[in-house]
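Worksheet: the structure to be examined is printed underneath.
A note on names: the letters A, B, ... follow the listed sequences, proteins ahead of strands, and every chain is numbered from 1.
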Amino acid sequence: MNKVITRFAPSPTGHLHIGGARTALFCWLLARHYGGEFRLRIEDTDLERSKQEYTDSILASMRWLGLDWDGELAYQTQRTALYNAAVDRLLETGKAYWCSCTPEEVEAMREAARARGDKPRYDGRCRDKHLGPAPGSVVRLNVAAVMPDGGRIVFDDMVKGHIAVDVDELDDMILRRSDGMPTYNMAVVVDDHDMGVTHVIRGDDHVSNTPKQILLYKALGWDLPVFGHVPMILGPDRQKLSKRHGARAVVEYQKDGLLPAALVNCLVRLGWSHGDQELFTMDELIEFFDGTNLNSSAAAFDFEKLNWFNAHYLHETPVEELVRLVEPFVVRKGLDVTAEALVPMVALYRERANTLLDLADDMARMLCPTEAVVYDEKAAAKALTDEGRAQLRALHDVFAALPDFDPATLDTALNSYVAGNGLKFKQVGPPLRVALLGNQSGPHLPDLMAVMGRERVLSRLERAGRA
RNA sequence: GUCCCCAUCGUCUAGCCGGCCCAGGACAACGGCCUUUCACGCCGUCAACGGCGGUUCAAAUCCGCCUGGGGACGCCA
């Protein structure tokens, strides 16, 4: 088998969204699996909507996901000579022709076709006029010249299987726009051929472009790559993913404190499987992803499952690594802590957090000024009774007098206080929790207090104990 | 409207060259265990082959139709 070359070709008109990310992931994995190349190409021929900031954002998201690319980044706007040469060749061989119809005229044709119940299309009226270049003119493909006998365009899709379309369904599409820029289908074919792409994997919104592109390969006399059209990713309501479904862009997940490993794992399972296995390391993915076991039906994105993946990877991440990852989130909350001080806190909360943002929230609850602790209404009403406050005042003095402030000492002190005063633990535990963090959940009390430190604990007990 | 694609638990999916499947795994939900709280973890329960016809001794698996969903039809990509 020749070297496998795949490519991801986003257009810089927005951030990298999860659909594109999954396509990129599949392309990357296939290339890595076969020891081939994964190329990246920026499709910026739409001068109106393409923005450098989006290119930068897409690249940043790719790096964050761990999808590195081979060779130079290609920009279509810098490759116009290539497209022009191909269009000219088509013109010379009669496989393409100049068309002087205005957009309005073409739109009228489409309307007429629609009215007849036909597929809206260009009627080919300039095909035999032998027009030359003129301002406002475009170049169109001469389908009849490429496929004189009509017939069908057939191809075997890696994920969809056998697909066939009548040549009659295709019209003389524009290859070069009046501004001299190539159209999408033209540029894609020229680029994929020039870059030696062997496997074109993309979203299945492109299946209907494929016969058109195959026509171009034929017109140019080039070998076809293998096509693979992966189904779309839908929202939880099975509708097309849109803003109202929440985060779509990879950067948003990054901001929400998701781990790239979790997003990768979640995305790869949307449309691909390896038996019953759910969790994969990158190495395993590379080993198993060979282009088979791709699912041909659309999948709904499940935020809950992403959350589960994230919690899993978060719990697996070594504490030191986690500290490094959570630090920016902690800083963003305006907290002033050193990484060193964060270590025991992260260790304490790692298992109960689902995202880095959760973890930062937990840090904030421990580190904020005493007066900023927010008491959960229900918990406070139940725990901060007159009796509860009295316990807190007594506890304050017990803890203040302790020789050490480590978990063992605190555990003993707390238990002997409870036992020595003929109390039940639930008379002391709940008020203590509310005093410390404002709510009723969290780590084991002695561990929590040891990590928070005596000063903070006493200050919080003092505040909550005030009548 | 025309063309193309798709169809297993609420969701992601395994199975789909027919019998091993009165359909397996995971998320969610629910119940329990663990626990001085909350999580984590562990155990368990609920839950699906869209409909109708064929082919066959036998169909989730093959074929047809229907229904439903999606996509495309641009001088966007």
Are the side chain of [X] and the backbone of [Y] linked by a donor-acceptor contact shorter than 3.5 Å?
X: A:Arg177; Y: A:Thr183; value: no
X: A:Asp157; Y: A:Val159; value: yes
X: A:Asn265; Y: A:Glu278; value: yes
X: A:Arg22; Y: A:Leu270; value: yes

- prompt: Between the side-chain atoms of A:Ser297 and the base atoms of B:C6, is any donor-acceptor pair under 3.5 Å?
  reply: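 No.
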Rounded distance in Å between the [atom1] positions of [N] and [M]:
N: B:A14; M: B:U56; atom1: P; result: 31 Å
N: B:G51; M: B:U8; atom1: C1'; result: 15 Å
N: B:G31; M: B:A39; atom1: P; result: 12 Å
N: B:C73; M: B:G15; atom1: C1'; result: 37 Å
N: B:C52; M: B:A60; atom1: P; result: 13 Å
N: B:A47; M: B:C6; atom1: C1'; result: 23 Å
N: B:C63; M: B:A48; atom1: P; result: 26 Å
N: B:C65; M: B:U55; atom1: C1'; result: 15 Å

query: Using a cut-off of 4.0 Å on non-hydrogen atoms, how would the nucleic acid contact of A:Gly429 be classed: base, sugar-phosphate, or nothing?
result: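 Result for A:Gly429 = nothing.
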statement: By nearest-nucleotide position on RNA chain B, the 5'-leaning member of A:Gly136 and A:Glu169 is A:Glu169
query: So which one's nearest nucleotide on RNA chain B is more toward 5', A:Arg176 or A:Ser273?
result: A:Ser273
message: For a quick test of reading the model: is some side-chain N or O of A:Asn295 closer than 4.0 Å to OP1 or OP2 of B:C6?
response: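 Indeed not, no polar side-chain atom of A:Asn295 lies that close.
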- prompt: So, is A:Arg110 close to the B:G74 phosphate, meaning a side-chain N or O under 4.0 Å from OP1 or OP2?
  reply: yes
[N] pairs with which nucleotide, Watson-Crick or G-U wobble, both distances below 3.5 Å?
N: B:C33; value: B:G41
N: B:C20; value: none
N: B:G1; value: B:C73

- request: If the plane angle is over 60° it's perpendicular, under 30° parallel, otherwise tilted; pick one for A:His229 and A:Phe155.
  value: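 Rings of A:His229 and A:Phe155: perpendicular, as their planes differ by over 60°.
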